[in-house]
S.K.: 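Next up is a structure, given as structure tokens.
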Amino acid sequence: MRFEEESKIKDVSKLSTKKWRDLQNYLRSRVVVEDLFVSSLRYVGGIDVSYSQVGKNAKAFSAVVVLDILTWSMVDLSVAWMESSVPYIPGFLSFREVPVILEAMDKLTVLPDIWLVDGAGIAHPRRVGLASHLGVLLDVPTIGVAKSRLVGTHGELGEERGSRVPLLDDGTQEQIGWVLRSRNAVKPLYVSPGHKVSMESAVKIVLACCTRYRLPEPIRTAHNMVTQCKNKIPS
DNA sequence: GCGACAG
DNA sequence: ATCTTGTCGC
């Protein structure tokens with residue numbers, strides 16, 4: 001039964017936004033915001049997607065990497081690419097990016113203890129951003145790390161690295177994530193639990209992965225790899 | 001109707 | 001995300 005649900009969810013690129021919304025509401029009920037990843041955290045994954053052109057029939061590229069948190073060395077890497085005609089619609093990004101991400105993940109040999117995903121976790125209109133969608137689909141711990149805000153409001157944020165303020169639901173005022181200053185005087189990151197991680201752990205893990213740059217190392221590495229792949233493959 | 005809007 | 005040059009600031 002669960003296999004049927006998954007196979008249904010993995011091939012939804014041509015459905016209507018109405019169906020997409022239904023699937024998100026189903027996925028939403030399965031998201032867990034609790035620490036269910038290994039306490040001896042050591043391998044952190046990074047995921048990023050890039051496109052060869054704007055508009056319809058573009059080619060989508062993805063890179064998934066696994067880094068050793070002790071040295072930040074890359075212990076595994078996998079890339080994938082495919083034609084994609086799924087447009088970007090705010091609130092439905094996962095239906096555009098999940099297919100090519102899954103293809104790359106299939107070829108990975110070392111699985112990380114937790115994944116950092118370029119996009120939102122539960123800081124989403126229906127609490128299922130790309131990170132949460134992937135987490136539930138694969139039943140793995142994930143954290144959403146967005147470079148800009150999708151939803152939510154927040155107070156003023158300090159300028160120093162490590163400063164953070166809660167990101168609140170526009171209506172209910174429930175906390176749906178954090179606005180985090182990952183480096184001094186840089187634009188903040190919008191961090192939110194994806195799946196199987198708590199609000200507190202999510203922000204601590206992301207900050208721990210932000211060493212020299214604004215973006216956490218696993219996502220930077222994934223971004224570098226997907227760019228390299230894209231420039232190497234004919235499009 | 002108007003504005004907002006991850007990547 | 002992508003299209004693009006130089007330029008301001010820590």
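Per chain, numbering begins at 1; letters A, B, ... match sequence-line order. The figures that follow rest on heavy atoms only: side chains count, while hydrogens, waters and symmetry mates do not. None of the values given here were measured: they were computed from a predicted structure.
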S.K.: side-chain contact (heavy atoms from CB on, under 4.5 Å) with Ser148(A): which residues, sequence neighbours excluded?
M.R.: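 Partners of Ser148(A) under the side-chain contact (heavy atoms from CB on, under 4.5 Å) test: none.
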
S.K.: Looking at Tyr213(A), I'd like to know if the NZ or CZ of Arg220(A) sits under 6.0 Å from its six-membered ring centre while staying within 45 degrees of the ring's axis.
M.R.: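 Checked: cation-pi criterion met.
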
S.K.: Reading DNA chain C 5' to 3', how would its secondary structure be written in dot-bracket notation, given Watson-Crick and G-U pairs with both distances under 3.5 Å, brackets [ ] for crossing pairs and | for partners on other strands?
M.R.: ..........

S.K.: Using side chain to side chain contact (heavy atoms under 4.5 Å, CB included), reason through Val66(A) and Leu111(A) one step at a time and then give a plain yes or no.
M.R.: CA-CA 7 Å; Val66(A) 180; Leu111(A) 293 180; over 6 Å; no

S.K.: Sort and list the pairs that fulfil side chain to side chain donor-acceptor pair (under 3.5 Å) and have at least one residue in residues 157-168 of chain A, not counting sequence neighbours.
M.R.: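 Non-adjacent pairs meeting side chain to side chain donor-acceptor pair (under 3.5 Å): Glu159(A)-Arg181(A), Glu160(A)-Ser163(A), Arg164(A)-Glu200(A).
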
S.K.: Given side chain to side chain contact (heavy atoms under 4.5 Å, CB included), test Arg126(A) with Asn25(A) step by step and report yes or no.
M.R.: CA-CA 7 Å; Arg126(A) 286 165 295 284; Asn25(A) 284 325; 3.7 Å; yes

S.K.: Only counting residues at least two apart or in another chain, list the ones meeting ring-ring contact (aromatic ring centres under 6.0 Å, His included) with Phe92(A).
M.R.: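 Result, ring-ring contact (aromatic ring centres under 6.0 Å, His included) vs Phe92(A): Trp20(A).
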
S.K.: Other than Val165(A), what residues sit in its cluster of Ile, Leu, Val, Met, Phe, Trp and Tyr side chains whose heavy atoms are under 4.5 Å apart, directly or through others?
M.R.: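 Joined to Val165(A), directly or through intermediates: Leu150(A), Val151(A), Leu157(A), Leu167(A), Ile176(A), Val179(A), Tyr190(A).
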
S.K.: Quick check on dT2(C): is either OP1 or OP2 less than 4.0 Å from any side-chain nitrogen or oxygen of Lys230(A)?
M.R.: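 Indeed, a polar side-chain atom of Lys230(A) lies that close.
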
S.K.: May I ask you to list the residues sharing a hydrophobic cluster with Val32(A), side-chain cutoff 4.5 Å, ordered by chain and number?
M.R.: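 Answer for Val32(A): Leu36(A).
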
S.K.: Kindly state each residue pair satisfying side chain to side chain donor-acceptor pair (under 3.5 Å) with at least one member in residues 103-117 of chain A, sequence neighbours excluded.
M.R.: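 Those involving residues 103-117 of chain A are Asp76(A)-Thr109(A).
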
S.K.: Using a cutoff of under 3.5 Å, can you pull out all pairs of nitrogen or oxygen atoms linking the protein to nucleotides 4-10 of chain C, with atom names and distances?
M.R.:
none

S.K.: Please list, chain by chain and in numerical order, all residues satisfying side-chain contact (heavy atoms from CB on, under 4.5 Å) with Ala104(A), sequence neighbours excluded.
M.R.: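 Ala104(A) satisfies side-chain contact (heavy atoms from CB on, under 4.5 Å) with Ser62(A), Val64(A), Ser78(A), Ala80(A) only.
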
S.K.: Any pair with a residue in residues 35-48 of chain A that passes side chain to side chain donor-acceptor pair (under 3.5 Å), sequence neighbours left out, goes on the list, sorted by first then second residue, please.
M.R.: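 Those involving residues 35-48 of chain A are Asp35(A)-Ser198(A), Asp35(A)-Ser201(A), Arg42(A)-Asp68(A).
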
S.K.: Distances for protein N/O vs nucleotides 4-7 of chain B N/O pairs under 3.5 angstrom?
M.R.:
| from | atom 1 | to | atom 2 | distance (Å) |
| --- | --- | --- | --- | --- |
| dC5(B) | OP1 | Arg149(A) | NH2 | 2.3 |
| dA6(B) | OP2 | Tyr88(A) | OH | 2.7 |
| dA6(B) | N7 | Gly91(A) | N | 3.2 |
| dA6(B) | N6 | Gly91(A) | O | 3.1 |
| dA6(B) | N6 | Phe92(A) | N | 3.1 |
| dA6(B) | N6 | Leu93(A) | N | 2.9 |
| dA6(B) | N1 | Leu130(A) | N | 3.2 |
| dA6(B) | N3 | Ala120(A) | N | 3.1 |
| dG7(B) | OP1 | Lys147(A) | N | 2.6 |
| dG7(B) | OP1 | Lys147(A) | NZ | 3.3 |
| dG7(B) | OP2 | Ser148(A) | OG | 2.9 |

S.K.: Walk me through it: do Met105(A) and Ile47(A) pass the test side chain to side chain contact (heavy atoms under 4.5 Å, CB included)?
M.R.: CA-CA 9 Å; Met105(A) 277 194 166; Ile47(A) 298 174; 3.3 Å; yes

S.K.: According to a 3.5 Å limit on both distances, what stems of 3 or more consecutive Watson-Crick or G-U pairs are formed with DNA chain B?
M.R.: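 Nothing qualifies as a stem here.
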
